[in-house]
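Heads up, the thing below is written out as structure tokens.
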Amino acid sequence: MEAVRASAAWVASRSSHVKVDMLEIEKAVDKIQGNVPKVEWDFEGIHYFDNGPLTVQYLFVLDALNFCFWPDKDLTYDNLASGLKLALEKDKSALDADRLKNYTGPQLRELLNWPRPLPIEEERVRLLHEVGLELERSFGGEAANLVKSAGNSAASLIELITRHFPGFRDHSLYKGHQVFLYKRAQIFVADLWGAFKGENYGEFYDIKSITIFADYIVPAVLRELGILKYESSLCCSIDSNSEIVPGSEEEVEIRACSVHAVEKMRELINKKFGKQLLSIDIDLWLWSVGVQNMALSHHRTLSIYY
Ligand SMILES: Nc1nc2c(c(CN[C@H]3C=C[C@H](O)[C@@H]3O)cn2[C@@H]2O[C@H](COP(=O)(O)O)[C@@H](O)[C@H]2O)c(=O)[nH]1
């Protein structure tokens, strides 16, 4: 995604609250000798998979709701992925477009078997309705048709998703410029690629164009590695669990610098070790490290984007 890569570089070059430390990137790359530990997609064993169109529907709904779990200290991404999986196993029509259009908050909680209101629940419901309505209107109700329309291009699929589904338009204004990070649209492509192992609905000739997914876990890992350096007041806010305002310079810098740092890491691995790695593989490695380290403090922003 050239727009994401270019936006991230633009922010990183003007960033004042967050810095990318190139020396630390070099140290990290030397330490692993250019070999990023391989993490299997679904290493947790929590995702629905039947090798067909229903898996595509599942992944699209999953990524429509794949944001902001932290306000409920017991809720994680795992609850969402496994909750939707169980719901689908019980009732294969649970994620049909006409059902998505009509879920209420309490019904969504019941679907996920979650005992209390979800964080930003009204937005989750609104986004489900948006997905159901637009899938019905333009893609015969099936996310599989959306994927087919992209002709095996990751970039085209992201373009289609962000054109048709406003909830996936993860962007902000930074110093007067529009910045695109497209976290949930990109992660959907990566999930297809991972689940279908690069074949069938997961075949994309330009998968290398995807960047990492700017969430709240990967930046915390990059900070822990010393690759991202935060100014002291931002350190204090994050370490004391204060909320970071969505769209603030700090928030945009944290996310954009994370994307940019991993692009630099990838370039360096290529230059020093002659290896062409995918950002997706680096992302999954960093993310898996992050979710297994409970002590890591991450930035907290109320957002529908990540
Ligand atoms: N960068 C990046 N961010 C990711 C994921 C995933 C899951 N990807 C699946 C794909 C294959 C694997 O097997 C994974 O299961 C979730 N997130 C983000 O993390 C946060 C949730 O954290 P916590 O509150 O602790 O559950 C939240 O922002 C969520 O959007 C990823 O892969 N990369």
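Indexing begins at 1, ligand by ligand and atom by atom, following the structure's order.
Looking at R126 and E130, a side-chain N of the basic residue comes within less than 4.0 Å of a carboxylate O on the acidic one, giving a salt bridge. A salt bridge links K272 and E26; the closest N-O separation between the charged side-chain nitrogens and carboxylate oxygens is under 4.0 Å. Between D170 and R255, at least one side-chain nitrogen of the basic residue sits less than 4.0 Å from a carboxylate oxygen of the acidic one, meeting the salt-bridge criterion. A salt bridge links R266 to E263: at least one charged side-chain nitrogen sits closer than 4.0 Å to a carboxylate oxygen.
A distance limit of 4.0 angstrom between heavy atoms and ligand 1 selects the residues W41, D42, F43, E44, H47, N66, F69, T76, Y77, K183, I187, D191, F213, D215, Y216, I217, V218, D283, L284, W287, V291, Y306.
The six-membered or imidazole ring of F165 lies away from that of F188, with a centre-to-centre distance of 6.0 Å or more. Checked against the 6.0 Å centroid threshold, Y230 and H298 do not count as a close aromatic pair.
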